[in-house]
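Okay, so here's the structure we're looking at.
Just so it is clear, the structure is predicted and the values come from calculations on it, not from any experiment. For reference, positions follow the sequence shown, starting with 1. Values below: every heavy atom of this structure, side chains too, minus hydrogens, waters and symmetry copies.
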Amino acid sequence: MNLEYARFAMGKRFDEAPFGIDHGPFLTGAYAPVFDEKVLEDLEVEGEIPADLNGVYLRNGPDQRFEPKAMHHPFDGDGMLFNAHFNNGKVTIRNKWVRTEGWQKEDQTGHSEYWGIMSSLKESQSQPMKDTANTDVIGHAGVAVASWYLAGEPYLVDPITLETLGPAPYTAAPGYGFSAHPKVDEVTGDLLYFDYFHQAPHMTYGVVGPDKQLKHHVEIPLPGNRLPHDMAVTEHYSILHDLPVWHCEEAYAAGRHKILFNADTPARFGVIPRFGKTEELKWFEFSPCFLYHVVNSWEEGDEIVMVACRFMPVINEDGSIDEARTAKNIAELRMDARLWEYRMNLATGEGKEKCLNPDFNVEFPSYDSSRTGRFTQWGYLVDHDPDTLHWIGIRKFNTTTGECVGSWTDDPIHAWYNEPWFAPADNPESEDHGYVVTFVWNDLTKEQQLQIFDARDISKGPIARVKMPIRVPQGFHACWMAANRIGKAA
């Protein structure tokens, strides 16, 4: 990496950086942290921000504040939220760290107090790991909820000011954690989540009401330690994942985080009524794979339909699965995924699966979240480059046929897109009547933009480009909160 680029990537003069570039590749270039919290108003706009786009786009991601103690992984970085608040044709952009317990401790000491997932374990006492709340962000009961990859403590955040309101009050025994990908039913106001942990029963499932109180919680026994990442919900059911990815017990005993992929173990999805008991859980088996992210799920008669991004195992020349390389790709977030449909028949117990589109490596999906758990025809996903978290464009898919009906990229090599989210127009006339919002960084021109697309035809390109004086480090997940959901129960 050339020195001038390194200086820019680190956000300040290279020789004044608080830490160097020898902690791995995820602290430089598009991943490099920023160190200032900003409020940006009256920004230059190319095009016009729609007047019927009202609400807030939030994006969570890692932003390492102090020099790490060892090799750095993106999941180690302090959670930093960026938002774009749209109000009657204007936008204000903010960024702010999530003030987790670990962040506050390090704020007092002025240096790293914790180890990362490449050098420690969540449960370690000698080399404690920080719950960074850096992975996902959702809107529930009028506020934003930030959560962490390894099922940590969720934090409530004001979606407009980004002030941390404190830990959420609804985690429960035995894991006392909260998955990175809870789901919110915007019709009922319920928040549905799972927790996973190394000891039996290995998973629990819970439901939080629109009053932010835990209203249901049950154990989900699994055959052993697992590392699930997402779940799905329908109007009446939740779908929990038991996938053939787990800790290497030898490494775990030595205090290291190493995952294994087992090609002899099927992927299983467990369907449970929203307020069901453990014994009501029904498991369905499918071909071995890993799933990072679900698009959406819904009911069709007796069938549960789940559309997801299936992580494609690495295949050897003889047709067998290369377990080691598959596990390494999963661990390094080197995603090779295809849009996939799973069907689970509750009456017959039969499960079916099919690839919806074999042509595109797509991930980090979004859709109209007001329809979570109900049929959605359209999904909006990122085009994935083999590099970790390098998303080179966005695509719109028909979730029934798998057809890609539109796509856009500014630059298939140098553009770095963030997870896009669909934002309905104020008075939508169809499911896709609205906008797709995302941050985009160009590492050649050194330009940061917030881009807005007409969701009905994203191939036209952005209808508005908001030019930003600060870079958004490449991160993880985003969400959209409509204006009528901010500051109120969902």
Sequence neighbours excluded, which residues qualify as side chain to side chain donor-acceptor pair (under 3.5 Å) partners of [X]?
| X | answer |
| --- | --- |
| Trp416 | Asp443 |
| His247 | none |
| Ser297 | none |
| Glu332 | Lys328, Arg334 |

Asp107 bridged to Arg65 by N-O distance under 4.0 Å: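 A salt bridge is present here (some side-chain N lies under 4.0 Å from a carboxylate O).
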
salt_bridge(Arg338, Asp359) N-O dist < 4.0 Å: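 No salt bridge links Arg338 with Asp359.
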
Residues in side-chain contact (heavy atoms from CB on, under 4.5 Å) contact with Ala144, at least two apart in sequence or another chain: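 With neighbours one apart ignored, the set is Leu58, Val137, Val157, Pro159.
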
Salt bridge (Lys or Arg N to Asp or Glu O under 4.0 Å) partners of residues 127-151, not counting sequence neighbours, each pair once: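 Sorted pair list: Asp78-Lys130, Glu106-Lys130.
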
Salt bridge (charged side-chain N to carboxylate O under 4.0 Å, His left out) partners for [X], two or more places apart:
| X | result |
| --- | --- |
| Lys96 | Glu37, Glu163 |
| Asp411 | none |
| Lys258 | none |
| Arg371 | Asp368 |

Where at least one partner belongs to residues 46-56, residue pairs that pass side chain to side chain donor-acceptor pair (under 3.5 Å), sequence neighbours excluded: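 Qualifying pairs, neighbours excluded: Asp52-Tyr435, Asn54-Asp426.
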
Sole candidate of Tyr149, Phe75, Tyr31 that passes ring-ring contact (aromatic ring centres under 6.0 Å, His included) when paired with Phe476: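 Going through Tyr149, Phe75, Tyr31 one by one, the ring-ring contact (aromatic ring centres under 6.0 Å, His included) with Phe476 is satisfied by Phe75 alone.
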
Pairing residues for Tyr193 by the ring pair (Phe, Tyr, Trp, His ring centres under 6.0 Å) criterion, not counting sequence neighbours: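 Phe178.
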
Closest non-hydrogen atom pair between Ser119 and Gln127, with its separation: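 Where Ser119 meets Gln127 most closely, the heavy atoms are O-NE2, 2.9 Å.
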
No-hydrogen, no-angle side-chain donor-acceptor test under 3.5 Å, Gln377 and Asp432: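 Absent: no donor and acceptor within the cut-off.
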
